Amino acid sequence: MKLNHWIRQQCLPTCHARLLRQTTALLLSALLALSAGAGAADKLAPKQAAVAAAHPMAIQAGMDIMQRGGNAFDAAVAVSAALAVVEPYSSGMGGGGFFLLHRASDGFEVMIDAREKAPLAANRDMYLDADGKPQAQLALEGAKAAAIPGLPAGLAWLAQRYGRLPLREALQPAIRLAQKGFEIDERFLAMATMKLPLLRKSPEIESIFLDSGQMPKPRYRLSQPELAQTLSTLGDEGHKGFYGGHVALRLVKSVRDYGGIWQMDDLAQYHVAERAPVRFEFDGLRITTVNLPSSGGATLAQAFNILAQLPWREADAAQRSHFVVEALRRAYHDRARYLGDSDFVSVPLAELISTDYAAQRARTIKEDRATPSADLSTALAQLNQGDHTTHFSVVDTQGNRVAGTLSINGPWGAGIVAGTSGVLLNNEMDDFSMSPGVPNLYGLVGSEANAIAPGKRPLSSMSPTFVEDERGVLILGTPGGSRIISMVLLAILDHAVNADPNPERSVSAARYHHQYLPDRIEIEPEGFDAAWVDTLKSKGHEVHTVERKWGNMQAIFVDRRSGEARAANDPRGMSAWRQPGRQ
Ligand code: GLY
């Protein structure tokens with residue numbers, strides 16, 4: 001692959017020259033490593049380090065850190081922290097996420113669970129009124145919506161256990177961005193416009209993200225000195241710099257001032273968890289992905305296992321989509337019935353992702369007819385749009401890799417910046433099932449398994465994933481709420497059906513989605529011809545075209561033979577990178 005082509009995939013023209021210089025250095029060091037004979041025949045030996053992320057400044061942060069001697073894990077810290085600054089509506093220090101790691105030296109793979117936890121004073125009925133009616137807004141906005149953040153703990157853990165550089169160094173690019181500021185882009189403006197009333201809800205959030213109470217003009221320079229200070233304290237003191245001391249006091253005081261229920265103990269007791277990834281095979285691909293409390297691994301495994309029982313390969317496009325939808329319908333149905341935080345509830349995971357169970361589920365699928373979801377269950381739900389969360393993928397020249405998906409849940413989270421910490425709080429409590437059959441922001445319904453309990457992690461759909469075969473390794477993931485799982489599935493399917501791996505194609509392909517309830521196939525406004533739609537309708541599916549495309553997938557494919565690392569950014573996210581007056 002040509003160097004320039006690789007750079008074009010990863011950044012705007014403005015950062016090309018700098019990246020070109022850095023990349024040249026990285027290529028040189030990578031070539032030296034190769035000539036020293038690194039890597040057995042089947043070992044991945046990337047010629048270049050690569051980062052795919054939703055913002056060019058976050059990509060830059062990751063590349064900078066690797067150029068300074070950091071590995072992919074240090075880069076993951078740098079990218080995550082930079083995203084917290086430049087994409088504050090999607091993820092941040094007030095949120096959480098999952099990191100899937102592969103360590104090249106010994107092949108060790110693990111999922112770092114930095115998911116938020118319910119406060120210790122939380123209880124299952126906290127969003128129900130006196131008559132037992134759900135008050136959904138309480139789980140979405142304001143201090144009661146915020147779960148205890150996990151991202152700062154995740155970054156400290158990553159740096160300490162897996163990185164080469166001190167945490168402080170890996171956080172430097174983000175601290176600089178927060179301190180010196182950066183020019184906001186169209187995407188920032190679109191997200192701020194969408195949630196303007198929320199950004200006016202409290203003086204702290206308004207003073208940071210608006211310009212004297214007004215929508216900032218294009219190219220406004222946004223600085224966040226208080227967040228820079230919080231990041232510096234985290235860098236200097238590690239985990240306890242956020243979960244203890246003055247930062248913790250500030251967070252708890254502010255949440256309580258706004259009517260929330262956090263206590264110092266909530267922060268003192270927060271810890272990340274290391275979990276074994278979920279692994280399964282599909283069509284010769286080895287897939288490694290997230291475990292609970294994300295539903296992504298279980299749901300993907302189940303959907304692919306069901307698909308594997310069906311003649312999907314020989315099917316035409318519409319028939320194949322019918323099979324995919326029926327597999328998704330059943331997998332999301334079980335998501336709603338069985339999945340929750342396995343530290344709190346017993347989840348029959350092994351059974352759910354077994355091929356025997358998939359075969360049973362597949363036998364109920366008719367080739368020519370949709371199965372009404374009501375035949376699986378009678379619950380009702382409405383789907384709302386979700387536009388939030390962020391994903392990045394990183395690989396270094398040793399072959400270490402990270403897929404990280406991070407979130408504060410809905411755009412701008414709970415809409416509360418905690419005091420003078422600069423930390424925008426999540427509204428991840430909405431990912432719990434507040435009452436059986438009551439849909440959350442994404443129209444997802446849940447059961448007892450995902451009921452609120454003190455210290456419990458809400459069920460997630462975030463699905464950072466590795467896909468491997470003899471051609472190479474694909475590292476991928478995306479934001480998109482409940483649609484994350486179907487997006488990852490469709491990208492893997494694209495990778496399976498096409499002999500030539502092409503991450504740009506995989507992240508660009510038109511998307512459709514079914515999540516059991518609501519019982520309809522949602523499709524993007526472009527990319528599906530009338531014949532495809534008519535065939536699915538003739539099988540009894542409702543096909544609903546949504547207003548705009550969804551997702552912002554960030555993938556890297558490393559070719560096992562050539563060592564080329566190709567990063568691909570979702571064009572749906574790329575378009576928003578264009579700043580006024582630029583192409
Ligand atoms: N907050 C979205 C998710 O975790 O799935």
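Every value quoted in this text rests on a predicted model; they were computed, and no experiment measured them. Counting convention: from 1, in listed order, for ligands and their atoms alike.
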Sub-4.0 Å atoms of ligand 1 with respect to non-hydrogen atoms of [X]:
| X | value |
| --- | --- |
| Ser407 | 1 (N) |
| Ser461 | 3 (C), 4 (O), 5 (O) |
| Met462 | 4 (O), 5 (O) |
| Asn409 | 1 (N), 2 (C) |

Over 60° means perpendicular and under 30° means parallel, so classify the ring planes of [Y] and [X], tilted if in between.
| X | Y | result |
| --- | --- | --- |
| Tyr270 | Tyr243 | parallel |
| Phe188 | Phe209 | tilted |
| His333 | Tyr516 | tilted |

Could you find the nearest protein heavy atom to atom 4 (O) of ligand 1 and give me its residue, atom name and distance?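 Atom 4 (O) of ligand 1 sits closest to the protein heavy atom Ser460 OG, 2.6 Å.
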
In the protein, what heavy atom is nearest to atom 1 (N) of ligand 1, and what distance, to one decimal place, separates them?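 Looking only at protein heavy atoms, the one closest to atom 1 (N) of ligand 1 is Glu428 OE2, 2.5 Å.
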
Salt bridge check, Arg401 against Glu468: does any charged N sit closer than 4.0 Å to a carboxylate O?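 Between Arg401 and Glu468 there is a salt bridge, with a charged N closer than 4.0 Å to a carboxylate O.
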
If we set the cut-off at 4.0 Å for heavy atoms, which region of Arg115 has an atom near ligand 1: side chain, backbone, both, or neither?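 Arg115 to ligand 1: side-chain contact only, backbone stays beyond 4.0 Å.
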
Any side-chain to backbone donor/acceptor pair from Arg115 onto Pro293? Under 3.5 Å, distance only.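 Not confirmed, Arg115 side chain does not pair with Pro293 backbone.
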
Between Ile484, Thr389, Asp431, Asn426, flag the one that comes closest to atom 2 (C) of ligand 1 by a heavy atom.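 Selected option, by shortest heavy-atom distance: Asp431.
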
If you measure only the distance, is there a donor-acceptor pair under 3.5 Å linking the side chains of Ser482 and Arg335?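 Side-chain D/A pair, Ser482 to Arg335: absent.
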
